[in-house]
Amino acid sequence: MPKANIQPDVISYNAAISACEKGGQWQHALLILFETMPMTKVQPDVISYNAAISACEKRRHWQQALKLFEVMSKVKVHPSVISYSAAISSCEKGGQLEQALILFEAMPKVKVQPNIVSYNAAISACEKGGQWQQALQLFEAMTRANVQPDVISYNAVISSCEKGGQLQRALKLFEVMPKAKVQPGVISYNAAMSACEKVGQWQQALKCFQSMPKAKVKPDVISCNAAMSACEKGGQLQQALKLFESMPKATLQPSVVSYSAAISACEKEGDWQLAMKLFVSMPRTKIQPNIISYNAAISVCEKGGEWKQALKLFEAMPKATAQADVISYSATISACEKGGQWRHALKLFEAMPKAKVQPNVISYSAVISACEKSGQWQQALMLFKAMPKAKVEPNIISYTAAISASEKGGQWKQALKFFEAQSSAIGQQLYNLAGNLHCH
DNA sequence: GTAGGGTTAG
């Protein structure tokens, strides 16, 4: 048969749109839907629209996805449960919780029953929007609607609780999974480890990691990173390093996060040399250090008393396209402070506004201490007095430095005033802390 | 030929 006689039908066009979706060509998907198909007089059906919505969703064009959803309703191609789920998912990815819930709640009105994917997409939208109660409500509603939660539902609701600080709730959900006949996956384990760590149960986190093989769940890079982090919190530094070294044997390529975790473990152990060795070995394994790796390395230099090296690292950050943040500045200022380099410390501190980095209490305490220690008591007091204007609440370190600076300058009244202010401020801070602890 | 999740490091 001659080729020209074969006209593509709606199925071929849908396959083409789907191919665009898989290849990330969302604009081309729209072109087929709105140009090619009308030209050849082939009517797009619900699958054509769904595939196009999905193409926009994958590339995170939530407005475009919603527009498609509206268009299909207008041209009387009735949205199916898949259209709704894809649209909700687009909103979720675009951080549009309200819109996602509007779509979800509209479903029963048009007699489209939400299925497990619709529920999961809505729960994820709540998670991203920081609404853990809402997420939990949806999770409970699905059981009532006879839609049995699967591993994705559990992971999403566990994550929501975790983000909302509901750590015990998150752990309880994880523990209940086997009873609900839902096999926890690697993501469930990783999320559970994270919750354990956040409540200070690092042993529990490690136990969780060690129980993975028995549950036939293969740990991934993130599981190892989480386990390393748990070891570090528990002071099990050798164990953390052992984990790091065992990764290649498990055919897991350590990521930039693994390196940062290992560097930080070395830092806590006091092994500056090994920490720096790890840092400089990163490019060899084709891993570009990021801002967190740099900050960890600067912190190592600070602890090791290497202020010159800290400055050098700080100055190398722009070339590595790592924008210095408040932690980079504070760590470098602290390194200079320890090295008695008040001019460097002050210069760094003064460069912060230009770099659009807001100094925090750590930056202030470090620079005030640097000036005070070098006998620059007037400078130290000036900086301390600037804190309220910058809306930074002084902590005990800044107060101590300010009191010392006052004493050095013979400003006894000033010193006494600061001392009294410190007592009440720190008292208030302790009171708040106690209140927080009580809540938990 | 169409829809879904996430965890880790300073």
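A note on names: the letters A, B, ... follow the listed sequences, proteins ahead of strands, and every chain is numbered from 1.
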Can you confirm whether A/Q148 is buried at CD, in the sense that more than 12 heavy atoms of other residues, nucleotides or ligands lie under 6.0 Å from that atom? yes
Nearest to the side chain of A/K233, heavy atoms from C-beta on, is which of B/dA9, B/dG5, B/dT2? B/dA9
In this structure, is the centre-to-centre distance between the rings of A/F139 and A/Y154 below 6.0 Å? yes
Under 4.0 angstrom, heavy atoms only, what part of the nucleic acid is A/I263 near: base, sugar-phosphate, or nothing? nothing
Write down the distance between CG (A/N155) and P (B/dG5), rounded to a whole number of angstrom. 11 Å
Would you call the rings of A/W307 and A/H344 parallel, tilted or perpendicular, taking 30° and 60° as the class edges? tilted
Which donor-acceptor pairs under 3.5 Å do side chains of residues 24-39 of chain A form with protein atoms, sequence neighbours excluded?
| from | atom 1 | to | atom 2 | distance (Å) |
| --- | --- | --- | --- | --- |
| A/W26 | NE1 | A/H61 | NE2 | 3.3 |

Please give, in whole Å, the distance from B/dT8 P to A/F244 CZ? 19 Å
Does A/S18 have a side-chain nitrogen or oxygen under 4.0 Å from the phosphate oxygens OP1 or OP2 of B/dT2? yes
Heavy atoms within less than 4.0 Å of DNA chain B: which residues of residues 306-315 of chain A have one? Give them sorted by number. none
Closest nucleotide among B/dA3, B/dT7, B/dT8 to the A/S85 side chain: B/dA3
Give the rounded distance in Å between these two atoms: CZ of A/R59 and P of B/dA3. 15 Å
I want to verify a distance call: between B/dT2, B/dG5, B/dG6, whose nearest atom is closest to the A/S159 side chain? B/dG6
For a quick test of reading the model: is some side-chain N or O of A/S194 closer than 4.0 Å to OP1 or OP2 of B/dT7? no
So, for A/F314 and A/Y294, is the gap between ring centers shorter than 6.0 Å? no
Measure CZ/A/F279 against C1'/B/dA9 and give the value in whole Å, please. 13 Å
note: A/N290, atom CG; B/dA9, atom C1'; distance rounded to Å ~ 8 Å
Whole angstrom value for the distance that separates P of B/dA9 from OH of A/Y259: 18 Å
Please list residues of residues 92-102 of chain A whose heavy atoms come under 4.0 Å from any atom in DNA chain B, ordered by number; otherwise none. A/E92, A/K93
What is the distance, to the nearest angstrom, from the OH atom on A/Y84 to the C1' atom on B/dA3? 14 Å
Any idea which of B/dT7, B/dT8, B/dA3 is nearest the A/N190 side chain? B/dT7
Is the shortest side-chain heavy-atom distance between A/H78 and A/S83 below 4.5 Å? no
Can you tell me which nucleotide in B/dG5, B/dA3, B/dT2 comes closest to the side chain of A/E127? B/dG5
DNA chain B contacts among residues 36-48 of chain A, heavy-atom distance under 4.0 Å: A/D45, A/I47
Is the number of heavy atoms from other residues, nucleotides or ligands under 6.0 Å of A/Q210 CD greater than 12? yes
Sequence neighbours excluded, the answer for side-chain hydrogen bond (donor to acceptor under 3.5 Å, both in side chains) partners of A/K218 is none
Would you mind classifying the nucleic acid contact of A/I123 as base, sugar-phosphate or nothing, using non-hydrogen atoms under 4.0 angstrom? nothing
Suppose we call two aromatic rings close when their centres sit under 6.0 Å apart. Are A/Y364 and A/F384 close by that rule? no
Assess whether atom CD1 of A/I397 is packed by more than 12 heavy atoms of other residues, nucleotides or ligands within 6.0 Å. no
Partner of A/F69 under ring-ring contact (aromatic ring centres under 6.0 Å, His included), picked from A/Y84, A/W62, A/Y49, is A/Y84
Donor-acceptor contacts under 3.5 Å from residues 102-117 of chain A side chains, at least two apart:
| from | atom 1 | to | atom 2 | distance (Å) |
| --- | --- | --- | --- | --- |
| A/N115 | OD1 | A/V117 | N | 3.1 |
| A/N115 | OD1 | A/S118 | N | 3.1 |
| A/N115 | OD1 | A/S118 | OG | 2.9 |

What is the separation between atom CE on A/M228 and atom C1' on B/dT7, rounded to the nearest whole Å? 15 Å
